[in-house]
Amino acid sequence: MEGMAGMKILDICSWLPAKELSLERIEEIVLSLSSGESTEEGYSLEMKSPINANENVISCSKNFSSKGRSICYLLINNEVIAVVGYK
């Protein structure tokens, strides 16, 4: 993914319980996917807001953008499970 080398994750907004997928694990998955060397099955990373983004995803994205963050979206089975703000 272009522009993501050396990315620093600053914010994560997740819709899964921490016991199911911790913030630390989300960070690991995003960094792995962004490096192009991922073996994470079922997960995908999108740089643009998915068409099926709900109001919570859109609101979280706007909040991170207002802080000057770049945004990516972690999906599983084409459903957004986390919005990630990074620099």
Side-chain angles (χ1 to χ4, degrees):
M1 307 226 144
E2 286 185 40
M4 294 185 73
M7 74 185 293
K8 182 175 181 181
I9 295 176
L10 303 171
D11 297 299
I12 298 173
C13 186
S14 173
W15 285 272
L16 293 179
K19 65 183 178 188
E20 192 173 327
L21 190 65
S22 70
L23 295 179
E24 292 82 10
R25 183 71 182 119
I26 290 171
E27 185 171 358
E28 288 174 9
I29 293 167
V30 169
L31 292 172
S32 175
L33 289 170
S34 69
S35 73
E37 300 174 10
S38 177
T39 58
E40 303 293 343
E41 289 196 33
Y43 294 99
S44 61
L45 202 58
E46 296 289 333
M47 304 313 294
K48 295 183 180 179
S49 183
I51 294 170
N52 62 348
N54 64 34
E55 288 182 35
N56 290 330
V57 170
I58 293 166
S59 175
C60 188
S61 299
K62 286 180 181 178
N63 181 302
F64 290 174
S65 290
S66 73
K67 295 178 181 179
R69 312 291 197 245
S70 295
I71 308 293
C72 63
Y73 303 86
L74 182 61
L75 291 82
I76 190 164
N77 299 324
N78 294 319
E79 183 177 334
V80 176
I81 59 169
V83 176
V84 178
Y86 68 95
K87 282 208 175 219

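No donor-acceptor pair under 3.5 Å is formed between the side chain of S59 and the backbone N or O of E55.
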Verdict with reasoning, M7 to V30, per side chain to side chain contact (heavy atoms under 4.5 Å, CB included): CA-CA 10 Å; M7 74 185 293; V30 169; 4.0 Å; yes
Show, in sequence, the C-alpha distance, side-chain angles and deciding distance for I81 and L75, and conclude whether the side chain to side chain contact (heavy atoms under 4.5 Å, CB included) test is met.
CA-CA 5 Å; I81 59 169; L75 291 82; 6.0 Å; no
- Message: Does I9 form a side chain to side chain contact (heavy atoms under 4.5 Å, CB included) with L31? I'd like the steps, not just the answer.
- Response: CA-CA 9 Å; I9 295 176; L31 292 172; 4.1 Å; yes
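The side chain to side chain donor-acceptor pair (under 3.5 Å) contacts involving residues 69-84 comprise D11-R69, S61-Y73, where partners must be two or more places apart or lie in separate chains.
In terms of hydrophobic clustering, with Ile, Leu, Val, Met, Phe, Trp and Tyr side chains grouped at heavy-atom distances under 4.5 Å, V80 and I12 are assigned to different clusters.
Remark: I71 CD1 to C60 SG distance equals 7.0 Å, nearest 0.5 Å. Remark: E41 CD to I76 CD1 distance equals 10.5 Å, nearest 0.5 Å. Atom OH of Y43 and atom CD1 of I29 lie 4.0 Å apart (nearest 0.5 Å). Rounding to the nearest 0.5 Å places CG of L74 at 12.0 Å from SG of C13.
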Side-chain donor-acceptor pairs under 3.5 Å in residues 14-22, sequence neighbours left out?
| unit_1 | atom_1 | unit_2 | atom_2 | d |
| --- | --- | --- | --- | --- |
| S14 | OG | L16 | N | 3.1 |
| S22 | OG | R25 | N | 3.0 |

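Smallest separation of non-hydrogen atoms from V57 and N54: N-OD1, 2.9 Å.
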